[in-house]
Amino acid sequence: MTSTCDKIENFLDGPFISSYVNVINKYIRGLGNILVVVVYCITILLVITSFGIILPYEQWYQSPLLLLFYSIIGVFLFINIMYHYYKARTISPIYVPGKDQDRWCFKCEHRKTIRTHHCGICQKCVLGMDHHCIWINQCVGSHNHRHFFLFIANLTVATFIITIAGYHTAYDHFFEYSNGKSFCSAFLDYAPLQSWICSIDGFSRNAVIFSYLLAALLMLLVGFLTGWNMFLISKGFTYIDYLQHSDHLALNPSYRNPLHQGFVRNWRNFLGLRRNRSFFRHVILPSSHPAFLPEEEEKTGLLMDEIV
């Protein structure tokens with residue numbers, strides 16, 4: 001049976017459209033390089049606004065112990081976000097040679113396993129491919145899916161905390177001209193960057209409003225993406241697996257996903273929690289341990305253990 005993904009892949013490889021697709025893919029790769037820089041710039045702005053403006057200003061409304069808690073959690077989340085973003089962006093895709101009966105990739109000129117798919121943007125075959133993400137400028141697959149998920153999960157938590165902790169700050173700066181309250185007009189005990197930030201006319205108000213609205217938007221959008229990934233992981237799917245599964249179900253309603261090994265085992269496999277690895281040390285804290293691929297364990301075990 002030809003799956004939806006294979007039909008799309010064959011269509012894009014067709015002689016009529018392939019030349020246009022190659023041009024588009026080239027521009028997407030260039031756009032990806034730009035967006036990576038945008039991610040780092042936005043992160044710097046959010047960090048300066050959160051630690052330099054929001055937390056100091058919230059002294060007017062919240063207890064020092066709660067602000068200290070927010071600060072510690074914020075530093076922890078920042079480290080995790082930057083670490084997992086870097087790993088998701090830089091780890092190279094895995095290639096596992098297919099067998100004689102497997103599909104042929106006309107671009108890479110080799111056999112590819114059933115869970116390997118060619119990415120026209122990356123110009124590579126990717127094992128366990130989920131999708132191509134322009135924000136990390138490469139594919140999400142077996143090589144980096146865990147890092148990608150932990151990146152968006154930590155980002156969702158971080159933006160949620162910004163929206164909760166910074167509510168009073170955002171409100172006062174939204175209505176600064178009517179209530180007269182602002183970061184630069186307040187006398188704050190713990191605001192080491194206040195003089196520098198307030199020396200730039202209008203920066204504090206614009207930074208607070210922009211950062212707060214951006215954090216709220218990211219909380220919703222990235223939060224939805226995180227929830228979608230949690231659903232797929234719980235079922236043992238990547239997004240492409242999910243599309244292929246839908247094709248199988250359309251022909252055979254009793255079809256069962258062979259990769260689904262139960263909720264707990266699916267998550268343990270995805271997070272790489274084997275060989276006595278603990279959830280706290282290898283998930284909560286940054287860790288470069290490899291993922292676990294149930295269908296390729298023997299063939300790719302050495303390759304996966306080499307990824308750090």
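Side-chain atoms are counted along with the backbone in the values below, which use heavy atoms only and exclude waters and symmetry mates. By convention here, the first residue in the shown sequence is residue 1.
Atom OG of Ser204 and atom CD1 of Ile197 lie 7.5 Å apart (nearest 0.5 Å). The distance from atom CG of Leu31 to atom CD1 of Ile24, rounded to the nearest 0.5 Å, is 12.5 Å. Atoms CZ and NE2, from Arg89 and His84 in turn, are 15.0 Å apart once rounded to the nearest 0.5 Å. Distance check: Leu155 CG to Phe160 CZ gives 14.0 Å after rounding to the nearest 0.5 Å. For the atom pair OH (Tyr70) and CD1 (Ile161), the distance works out to 7.5 Å, reported to the nearest 0.5 Å. To the nearest 0.5 Å, atom CG of residue Leu225 and atom SG of residue Cys133 are 8.0 Å apart.
Between the side chains of Asp241 and Thr238, at least one donor N or O sits under 3.5 Å from an acceptor N or O. Using modelled atom types, one finds no donor on one side chain facing an acceptor on the other under 3.5 Å when comparing His132 with Asn137. Judged by distance alone, the side chains of Tyr57 and Asp172 do bring a donor and an acceptor atom under 3.5 Å apart. No donor-acceptor contact under 3.5 angstrom links the side chains of Asn80 and Tyr85, judged on distance only. Using modelled atom types, one finds no donor on one side chain facing an acceptor on the other under 3.5 Å when comparing His289 with His282. With hydrogens and angles left out, the side-chain atoms of His260 and Asn266 include a donor and acceptor closer than 3.5 Å.
In this structure, the side chains of Ser50 and Phe78 stay at 4.5 Å or more apart for every pair of heavy atoms. When side chains are defined from C-beta on, Gln138 counts as touching Pro93, because their heavy atoms get closer than 4.5 Å. Residues His117 and Val126 form no side-chain contact, since every pair of their non-hydrogen atoms from C-beta on lies 4.5 Å or further apart. Two residues are said to be in side-chain contact when any heavy atoms from C-beta on lie closer than 4.5 Å; His110 and Cys125 meet this criterion. Within the 4.5 Å cutoff, the side chain of Phe149 has heavy atoms near those of the Met230 side chain. Here the side chains of Pro56 and Tyr190 are not in contact, with every heavy-atom distance at 4.5 Å or above. Looking at heavy atoms from C-beta onward, His118 lies in side-chain contact with Cys108 at the 4.5 angstrom threshold. Contact check for Thr113 versus Thr116: side-chain heavy atoms found under the 4.5 Å cut-off.
Between the side chain of Arg277 and the main chain of Gly272, a donor-acceptor pair closer than 3.5 Å is present. For Glu58 (side chain) and Leu67 (main-chain N/O), no donor-acceptor pair under 3.5 Å exists by modelled atom type. In terms of modelled atom types and a separation under 3.5 Å, the side chain of Arg205 and the main chain of His173 share a donor-acceptor contact. At distances below 3.5 Å, at least one donor-acceptor pair connects side-chain atoms of Thr90 with backbone N or O atoms of Tyr86. Remark: side-chain polar atoms of Gln194 are not paired, donor with acceptor, to backbone N or O of Phe187 under 3.5 angstrom. Put simply, the side chain of Thr49 never gets that close to the backbone of Ser211: no donor and acceptor are under 3.5 Å apart.
Pairing each heavy atom of Gly166 with each of Ile54, the nearest pair is CA-CG2, 3.5 Å. The two residues Ile162 and Ala215 come nearest to each other via the heavy atoms CG2-CB, 3.7 Å. Shortest non-hydrogen contact noted between Val208 and Ala170 is CG1-CA, 3.9 Å. Minimum heavy-atom separation, Gln59 to Leu188: NE2-CB, 3.9 Å. The heavy-atom pair separating His143 from Val140 by the smallest distance is CE1-C, 4.3 Å. Residues Leu45 and Ala207 approach most closely at CD1-CB, 4.4 Å, considering heavy atoms.
Few gaps surround CZ on Phe51; more than 12 heavy atoms of other groups in view lie less than 6.0 Å from it. The number of heavy-atom neighbours closer than 6.0 Å to CZ of Phe69, taken from other residues, nucleotides and ligands shown, is 12 or below. Around the CG atom of Asn276, the shell of radius 6.0 Å holds no more than 12 heavy atoms that belong to other residues, nucleotides or ligands. Environment of CZ in Phe76: crowded, with over 12 heavy atoms of neighbouring residues, nucleotides or ligands closer than 6.0 Å. Within 6.0 Å of the OH atom in Tyr40, the count of heavy atoms belonging to other residues, nucleotides or ligands exceeds 12. Crowding of Tyr167 atom OH: a count of heavy atoms from other residues, nucleotides or ligands under 6.0 Å not exceeding 12. By the 6.0 Å contact criterion, OH on Tyr171 is open, its count of non-hydrogen atoms from other residues, nucleotides or ligands being 12 or less.
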Just do the ring pair (Phe, Tyr, Trp, His ring centres under 6.0 Å) check on His145 and Phe270 with the steps written out, would you? CA-CA 8 Å; His145 201 167; Phe270 178 81; 5.0 Å; yes

Start with the C-alpha gap between Arg29 and Asn25, add the side-chain angles, then the distance that decides, and say whether side-chain contact (heavy atoms from CB on, under 4.5 Å) holds. CA-CA 6 Å; Arg29 286 195 296 272; Asn25 288 340; 4.0 Å; yes

Passes side-chain contact (heavy atoms from CB on, under 4.5 Å), Ile136 versus Asn144? Steps please. CA-CA 11 Å; Ile136 64 173; Asn144 66 349; 3.8 Å; yes

Could you walk me through whether Phe279 and Trp267 pass the ring pair (Phe, Tyr, Trp, His ring centres under 6.0 Å) check? CA-CA 11 Å; Phe279 183 82; Trp267 276 99; 9.2 Å; no

Could you go step by step and tell me if Ile114 and Asp102 meet the side-chain contact (heavy atoms from CB on, under 4.5 Å) rule? CA-CA 7 Å; Ile114 191 170; Asp102 288 330; 5.7 Å; no

Test side-chain contact (heavy atoms from CB on, under 4.5 Å) on Asn229 and Ile152 and set out the steps. CA-CA 10 Å; Asn229 272 263; Ile152 61 175; 4.0 Å; yes

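When the SG-SG distance for Cys198 and Cys184 is compared with the 2.5 Å cut-off, it comes out below that value.
Using a 30° and 60° split on the angle between ring planes, His131 and Phe148 fall in the perpendicular class, above 60°. In this structure, Phe106 and Trp104 have perpendicular ring planes: the angle between them is above 60°, well past the 30° mark.
Taking hydrophobic clusters as Ile, Leu, Val, Met, Phe, Trp and Tyr residues chained together by side-chain heavy-atom distances below 4.5 Å, Val222 does not share a cluster with Phe224. The hydrophobic clustering, which links ILVMFWY residues whose side-chain heavy atoms are closer than 4.5 Å, places Leu46 and Ile200 together. Ile73 and Val157 fall within a single hydrophobic cluster, where Ile, Leu, Val, Met, Phe, Trp and Tyr side chains are chained together by heavy-atom contacts under 4.5 Å. Connection of Ile81 to Ile284 is established within a shared hydrophobic cluster, with ILVMFWY side chains joined at heavy-atom distances below 4.5 Å, either directly or through further cluster members. There is a path of hydrophobic side-chain contacts, each under 4.5 Å, that joins Trp60 to Ile164.
Checked against a 6.0 Å centroid threshold, the rings of Trp135 and Phe151 do not count as neighbours. Aromatic pair Tyr61/His168: centroids less than 6.0 angstrom apart.
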